[in-house]
Number of protein chains: 4
Amino acid sequence: MPDTRSGPVRSEAARQSILQATVTLLAERGYDNLTIEGIAARAGVGKQTVYRWWPSKSSIIAECLVEGLLLPVHLRVPDTGDIRRDLTTWLTTLFGYLQTEQGATIFRSLLAVAATDEAVGSGLRDSVMHTQSLSTRLHSAIGTAPNLPEGAPVEEIADALVGALVLRNLARRPIEEGDAERLVEAVIGP
Amino acid sequence: MPDTRSGPVRSEAARQSILQATVTLLAERGYDNLTIEGIAARAGVGKQTVYRWWPSKSSIIAECLVEGLLLPVHLRVPDTGDIRRDLTTWLTTLFGYLQTEQGATIFRSLLAVAATDEAVGSGLRDSVMHTQSLSTRLHSAIGTAPNLPEGAPVEEIADALVGALVLRNLARRPIEEGDAERLVEAVIGP
Amino acid sequence: MPDTRSGPVRSEAARQSILQATVTLLAERGYDNLTIEGIAARAGVGKQTVYRWWPSKSSIIAECLVEGLLLPVHLRVPDTGDIRRDLTTWLTTLFGYLQTEQGATIFRSLLAVAATDEAVGSGLRDSVMHTQSLSTRLHSAIGTAPNLPEGAPVEEIADALVGALVLRNLARRPIEEGDAERLVEAVIGP
Amino acid sequence: MPDTRSGPVRSEAARQSILQATVTLLAERGYDNLTIEGIAARAGVGKQTVYRWWPSKSSIIAECLVEGLLLPVHLRVPDTGDIRRDLTTWLTTLFGYLQTEQGATIFRSLLAVAATDEAVGSGLRDSVMHTQSLSTRLHSAIGTAPNLPEGAPVEEIADALVGALVLRNLARRPIEEGDAERLVEAVIGP
DNA sequence: ATATAACCGAGACGGTACGTCACGTCTTCAC
DNA sequence: GTGAAGACGTGACGTACCGTCTCGGTTATAT
């Protein structure tokens, strides 16, 4: 029976406080300007308590992600049977999030972390963007659209959609009316 | 009478030395771990000489980009009349660059800068990726493929291609045989 | 009905272990570099067990002193009737202790504690150096030496002897042949 | 021709500021409770500026000593021809300094440093206490007092006097009327 | 030709944040 | 209630870089 040592147990309150402080500061001031001292101070926690449980700034952010504190929209692709409509709905939701100053800042922070931290980067496509659900939805749509014949490169289509989103965020290009539709058209065809 | 100040002129040697040192350090140790003091030391240059001419770390990197020191592949999309083949060729070249450890590291650094620095971010799609040439090529191909009818969302197609590239780089997904073809198929159709 | 509380009694083993660990670490690494965590770890004891019984680091050292763990020489001044010989014998013993690297280090630690901690400082002359026995011996020698007439400033003579010892230890001056004799001559006269 | 490098020169203002802050804090709060961060803050100076020029806390104090900022009494033994009177005068001056709360605190700090730092300890007897002048004065007095015959152990007499002073300071024994005289009598005889 | 001014290298300066160590308090479980 | 273990908030440690500034030395005009 492992892990039966006595002694105090990790403080869940401190953990939550740190994660919440991280999200707040990330939204307020961006990824640089985010310091561990700042997190600890805002969380009302000793610096050592942070270092005891997380090896790096990016790992805190990774945990925020897993907890769903960073992307407070549900990223699952809907399934009404109409793949065009579903993708458009899904993209519109995401575009809506990226349209807010705060959402865009947080998402860019996320990309900065991904660029820096291998673990976050590797998990970006699947865990973060839930691309899995996108792939699944696309698979189930095979045959229902002319551009989705048997053997269509589903993963690459998913990459293209998510990647376009990422690129827009990095490029600070404002979202406009009809962008979601146009993007869907670009990859699924007219 | 403009520009009648006296004194010596900006040292081109110092400038080159700084840019080169930046590229070297970026490839060696990544974007974080890149310090201005480190650049100056490696370049054999005083810190002030850096600060005199560049306002920030990211602006040095931006200049490296413009000088073509960072992405030593020519990014222009070829034009043989066959849009599929041209895109595949272009993507294969880029994939080749991102397949090298050094190229992937530099490109990720670039994305980190873009996530952080508004100017670099805004220029990412056009200046960095030369998406303009991609758009132009796609425009000229309208009508030559079933998925590129009149009024096709060319910009979004370009976004999708470049974005997929970016996403792959961030996600550290290794490139495999046929990836370029599949990606082209994903956006241009079968 | 005094002392009828329940529960186990203070562990003598823990107490001894802590005191011994303190002496060891003091001799090994000096007064600074001595930490309570280090003592507890070396003693195989919880930190709280230390804090439960001692208010401060210096009080542990004070207890080591009282237990005779720090100055393992008997400091009582002998009494053969010949005050010169007795003082010389006593000083030679002490010099011998201070000549060892370990003894000198421990004694300096003691002085550092005395400089810092009022209680230890106040007890230094009497409890630590047993100056009381020195005074007594000097008192009993009054009249037996030309420099010890009736009314001789016995306390000051004791101070002078002990003080000279302390000074030598602080000044890291090595002891040489005949030093004990010369010091006795200095205060008792030729 | 050594040391001809260009560039900024060490700031004398910063140096003075640091030394002065050290003295002030030492007198205010004692040797422990003295932190380098505290010194830097009080001096209005970056921490690195302290670390650039001094390897340790004790070395700052040592420099304060050399600058005469710590012991603001002149420690030279006077020479009127009457050795008893001269020693008494000298001791009275020192006792006066040690009688003030601040003087006693600073002097104890000094002893704590000496106990810890080899360099300061080694210099304690001579540089700090100017025992050299005491020895000289005693040498010149040989033959003028019955206890100072030819061949008297002058160094040991000096040790005894200075040591008694040190011991009193460590033991927190208050100075009383006639103490200086009694101490002189103890080592020079009646 | 000579003064003036901007360049260059070097690096000291006041700062901020880093990641670590130890403090003294506390909480948990076993005895 | 005591003891081993160790998490907690706190604060100082010594280091790395930040961006600004000050040096002595070196060009290049502008007088």
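Since we're looking at a predicted model, the values are computed, not measured.
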Among [options], the nucleotide that comes nearest once only the side chain of [X] is considered:
X       : options                : value
C:Trp53 : F:dT2, F:dG14, F:dG19  : F:dT2
B:Glu37 : F:dG3, E:dA17, F:dC18  : F:dC18
D:Ala14 : E:dG14, F:dC17, E:dC18 : E:dG14

So, under a plain 3.5 Å distance rule, would you say the side chain of [X] forms a donor-acceptor pair with the base of [N]?
X       : N      : result
A:Gln48 : E:dC21 : yes
D:Lys47 : E:dG14 : no
D:Ser6  : E:dG9  : yes

Indicate whether OP1 or OP2 belonging to E:dA6 is found under 4.0 Å from a side-chain N or O atom of B:Arg10. no

With a 4.0 Å cutoff (strictly under), does any side-chain N or O of B:Arg52 reach OP1 or OP2 of E:dC8?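 Yes, within the criterion.
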
So what does A:Gly44 hit on the nucleic acid, given a heavy-atom distance under 4.0 Å: a base, only sugar-phosphate, or nothing? sugar-phosphate

Of A:Arg15 and D:Lys57, whose closest DNA chain F nucleotide lies nearer the 5' terminus? A:Arg15

Of C:Thr49 and A:Val9, the one whose nearest nucleotide on DNA chain F sits closer to the 5' end is C:Thr49

Figure out the [atom1]/[atom2] separation between [X] and [N], and round it to whole Å.
X       : N      : atom1 : atom2 : result
C:Ile60 : E:dC23 : CD1   : C1'   : 13 Å
D:Leu34 : F:dG11 : CG    : C1'   : 15 Å
D:Ile39 : F:dA12 : CD1   : C1'   : 12 Å
C:Trp54 : E:dG24 : CH2   : P     : 14 Å
C:Arg29 : E:dA22 : CZ    : C1'   : 12 Å
B:Asn33 : E:dC18 : CG    : P     : 14 Å
C:Asp32 : E:dC21 : CG    : P     : 17 Å

Option from B:Leu71, B:Thr105, B:Leu26 for which side chain to side chain contact (heavy atoms under 4.5 Å, CB included) with B:Leu110 holds: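 Only match with B:Leu110 under side chain to side chain contact (heavy atoms under 4.5 Å, CB included): B:Leu71.
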
Within 6.0 Å of CD in B:Gln102, more than 12 heavy atoms from elsewhere: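 12 or below, so no.
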
D:Arg52, CZ: over 12 other non-hydrogen atoms inside 6.0 angstrom: yes

Is there a side-chain hydrogen bond (donor to acceptor under 3.5 Å, both in side chains) between D:Gln20 and D:Gln16 once you walk through the steps? CA-CA 6 Å; D:Gln20 198 50 62; D:Gln16 288 294 346; over 6 Å; no

Taking the nucleotide of DNA chain E with the closest heavy atom to each, which residue, A:Pro8 or A:Tyr51, is nearer the 5' end?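 The residue whose closest nucleotide sits nearer the 5' end is A:Tyr51.
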
By nearest-nucleotide position on DNA chain E, the 5'-leaning member of D:Gly7 and A:Ile36 is D:Gly7

Run the side chain to side chain contact (heavy atoms under 4.5 Å, CB included) check on D:Arg15 and D:Ser11 step by step: do they pass? CA-CA 6 Å; D:Arg15 182 176 154 272; D:Ser11 160; over 6 Å; no

